[in-house]
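Shown next, in C-alpha cells, is the structure this report addresses.
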Amino acid sequence: MSFVRYNTEDQVVSSEDVVRGAWSGDINSLSSFFTASSGVTEYNLNVYNSATTESLQFSIQYGNLFGSGSALINTSVPGYTPSRVIYGEYRNLVYGTETNNFSFDSSATTASQIYVVNVARARYKESLLPGSFNLTLTNGASTIKLTDDSGTTNLTRYIGENRVFYVISGSNGTGYTAAASSSYYGMMFPDLNIFVLNATSGSSTSLLPFITGSGNLNQATSSAVYNQSKLFAAIVNGGSFQLKSEETVSSTYFFTRVKNSEFNYTTNPSIIDENGNLLYTTLINNPQTYITSVGMYNDNNELLAVAKLSRPLTKDFTKEALIRIKLDY
C-alpha cells in the first residue's frame, strides 16, 4: 500500500454560521404550548409542543430575592424557599457572585422578583440567535411584544463572561420606538440559553401588568407553581414564541491530488492467479483502477477516517484527479 503525505497548501480551514429554528423540527415559531403534571414542580414549569409527544421546549422559573411566593423547603429553616433558591442560582450564574442582585435599568434599582425562561438544551446547538427572539405576552386586556435589542446597538455587551442583550418592546431585534429601545424588561443571554425577565412589582419595566393584569404576584408562602403558571398563561394567550439558534461550524478541507503516475495499479490480490500472473491481460499494457474512497492515516499508518466518493473514479496513466475532502467539527 502506498501513501502520499498532505502538504501545508493541501489543507484549508473554513468557518460558517449555521442558523436553524430553535423548536422541535427546526421551526422558529412556537404556537402550541402544553404542560404535563410531571413537568410542574415548585422549582420549574416545563413547556412542551405537544400533548401526546413530550418534547421539552423550554421551562419557566420564578425567583424572589427574599423567598416570597413559595413555601419553605424545610419549616425548621426560615427564609429558604424554592423562589429564593432560583433567584440565587441565576444570580450566581449571571454575575458569578452572591452579592450582585438583578437590575434592569440604568439606575441599578434592584429587581427582587424575576422570571426565567430557560430554553431546553436539545433545542439549540451552540447559542441562541440575537434578533430572532419575539415573544408576545397578554392577559386579555394588555399585550406586549418583546424582542432583544441586538438591532439597536453595534456593541457586544457582557456581564462577566456572558454576552447579554436587553429585552425591549419591539420585534426582530428593534424597538417600536426610540423610547422602547431604552426600556429594558429583561435580559437575554444567548450563550446561557436563558431569558431573565423583570417581575418586580412597581417597576416601570415590570412585565406584571401583561402577565397578571393586577400588577401583583402571589406573595403568600403557598406555591411557586402559581407564579410560574401566570407567565405560562400569558405566553399561551400571546400565542407566539419565535426563536432561532446558531452555531459556528468549522470545516477543514483536504485537497487530495492524484497525479497521473500514481495509484494506477490495484493491490487487490484477486486479479492474479496462484503463480502471480495477471488474470486480466488488458491490465499489462493499460493498467487501470477505480478510486472509490480515500483513507486518511496518521504517521503510524493508523487509519483515522475514510472519505467515500459518490461514484467510482476511473484512474490510469492518462488521468489526474483532485478530490476535495471536507471534515466538519
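- F317 belongs to a hydrophobic cluster with Y265, counting contacts under 4.5 Å between side-chain heavy atoms of Ile, Leu, Val, Met, Phe, Trp and Tyr, direct or through other members.
- V294 and Y290 fall into different hydrophobic clusters, where Ile, Leu, Val, Met, Phe, Trp and Tyr side chains are chained together by heavy-atom contacts under 4.5 Å.
- Using a 4.5 Å heavy-atom threshold, the side chains of V196 and F104 count as touching.
- Smallest separation of non-hydrogen atoms from N134 and S171: OD1-CA, 3.1 Å.
- With sequence neighbours excluded, the residues that form a side-chain hydrogen bond (donor to acceptor under 3.5 Å, both in side chains) with Y6 are T256.
- Around CD of E9, the count of heavy atoms belonging to other residues, nucleotides or ligands within 6.0 Å exceeds 12.
- Considering only heavy atoms from C-beta on, W23 comes within 4.5 Å of F58 through its side chain.
- Between N118 and N193 the shortest side-chain heavy-atom distance falls below 4.5 Å.
- A donor-acceptor pair under 3.5 Å is absent between the side-chain atoms of D316 and the main chain of Q288, judged by distance alone.
- Pairs passing the salt bridge (Lys or Arg N to Asp or Glu O under 4.0 Å) check and including a residue from residues 247-270, sequence neighbours excluded, read D10-R257, R20-E247.
- Y253 is not connected to L309 by any chain of hydrophobic side-chain contacts under 4.5 Å among Ile, Leu, Val, Met, Phe, Trp and Tyr, and they are in different clusters.
- Using modelled atom types, one side-chain atom of T147 and one backbone atom of G173 make a donor-acceptor pair closer than 3.5 Å.
- The ring of F241 has its center no closer than 6.0 angstrom to the ring center of F33.
- Using a distance-only test at 3.5 Å, with no hydrogens or angles considered, no donor-acceptor pair links the side chain of Q242 to the main chain of N28.
- Expressed to the nearest 0.5 Å, how far CG of L135 lies from NZ of K145 amounts to 11.5 Å.
- For the atom pair CD of E246 and OG of S132, the computed distance is 8.0 Å after rounding to the nearest 0.5 Å.
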Could you please spell out the steps behind the side-chain contact (heavy atoms from CB on, under 4.5 Å) verdict for L137 and I235? CA-CA 5 Å; L137 301 178; I235 293 175; 3.6 Å; yes
Report the C-alpha distance between Y166 and T205 in whole Å, list the side-chain angles of each, state the deciding distance to 0.1 Å, and finish with yes or no for side-chain contact (heavy atoms from CB on, under 4.5 Å). CA-CA 12 Å; Y166 288 94; T205 57; over 6 Å; no
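- Side-chain contact between N101 and Y95: absent, with no pair of heavy atoms (C-beta onward) separated by less than 4.5 Å.
- Residues I168 and Y184 meet the side-chain proximity criterion, which asks for heavy atoms closer than 4.5 Å.
- Within the 3.5 Å criterion, the main-chain N or O of Y115 finds no donor-acceptor partner in the side chain of Y90.
- V117 places a side-chain heavy atom less than 4.5 Å from the side chain of L231.
- Checked by atom type and distance alone, the side chain of S251 never pairs as donor or acceptor with a backbone atom of K326 at under 3.5 Å.
- Figure legend: cation-pi geometry between R84 and Y80, with NZ or CZ positioned under 6.0 Å from the six-membered ring centre and within 45° of its axis.
- Taken together through direct or relayed side-chain contacts under 4.5 Å among Ile, Leu, Val, Met, Phe, Trp and Tyr, V258 and F255 form parts of separate hydrophobic clusters.
- Within the 3.5 Å criterion, the main-chain N or O of G67 finds a donor-acceptor partner in the side chain of S83.
- If you chain together hydrophobic residues whose side chains sit under 4.5 Å apart, L128 and V19 never meet in one group.
- Here CG of L146 is found 7.0 Å from CG of L197. Values are rounded to the nearest 0.5 Å.
- Screening residues 297-310 for salt bridge (Lys or Arg N to Asp or Glu O under 4.0 Å), with sequence neighbours left out, gives R5-D299.
- Here CD1 of I323 is found 9.0 Å from OG of S293. Values are rounded to the nearest 0.5 Å.
- The 12-atom threshold is exceeded at CG of N300, counting heavy atoms of other residues, nucleotides or ligands nearer than 6.0 Å.
- When the side-chain hydrogen bond (donor to acceptor under 3.5 Å, both in side chains) test is applied to K315, the partners found at least two apart in sequence or on another chain are N264.
- Between the T110 side chain and the S112 main chain, no donor and acceptor come within less than 3.5 Å of each other.
- Here the shortest heavy-atom pairing between A199 and L208 reads O-CD1, 3.3 Å.
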What's the verdict on side-chain contact (heavy atoms from CB on, under 4.5 Å) for F133 and V167, showing C-alpha distance, side-chain angles and the deciding distance? CA-CA 9 Å; F133 169 57; V167 176; 4.1 Å; yes
Show your reasoning for whether side-chain contact (heavy atoms from CB on, under 4.5 Å) applies to N49 and R123. CA-CA 12 Å; N49 64 334; R123 303 280 70 81; over 6 Å; no
Would N237 and N139 count as a side chain to side chain donor-acceptor pair (under 3.5 Å) here? Give the steps. CA-CA 7 Å; N237 292 334; N139 61 19; over 6 Å; no
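- A donor-acceptor pair under 3.5 Å is absent between the side-chain atoms of N64 and the main chain of Q113, judged by distance alone.
- With values rounded to the nearest 0.5 angstrom, I114 atom CD1 is found 12.5 Å from S206 atom OG.
- Closest approach of T35 and Y48 over heavy atoms only: CA-CD1, 4.3 Å.
- How far CD1 of I86 is from OH of Y62: 11.5 Å, rounded to the nearest 0.5 Å.
- Between V12 and T252 the shortest side-chain heavy-atom distance does not fall below 4.5 Å.
- If you chain together hydrophobic residues whose side chains sit under 4.5 Å apart, I291 and M296 fall into the same group.
- Two residues are said to be in side-chain contact when any heavy atoms from C-beta on lie closer than 4.5 Å; L93 and I194 meet this criterion.
- F165 and P130 get closest at one heavy-atom pair: CE1-CG, 3.5 Å.
- When all heavy atoms of I73 and P82 are compared, the pair lying nearest together is CG1-CD, 3.8 Å.
- Aromatic rings of Y87 and F102 (six-membered ring for Trp) have centroids within the 6.0 Å cut-off, being under it.
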Does the side chain to side chain donor-acceptor pair (under 3.5 Å) test come out yes or no for S24 and Q57, once each step is laid out? CA-CA 7 Å; S24 293; Q57 306 300 300; 2.9 Å; yes
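- Here salt bridge (Lys or Arg N to Asp or Glu O under 4.0 Å) pairs that include residues 185-197, with residues two or more places apart or in two chains, are R163-D191.
- Not a single donor-acceptor pair under 3.5 Å links the side chain of R91 to the backbone N or O of V94.
- Counting only distance, with no hydrogens or angles, the side chain of E126 and the backbone of T248 share a donor-acceptor pair below 3.5 Å.
- Smallest separation of non-hydrogen atoms from S169 and I144: OG-CG1, 4.2 Å.
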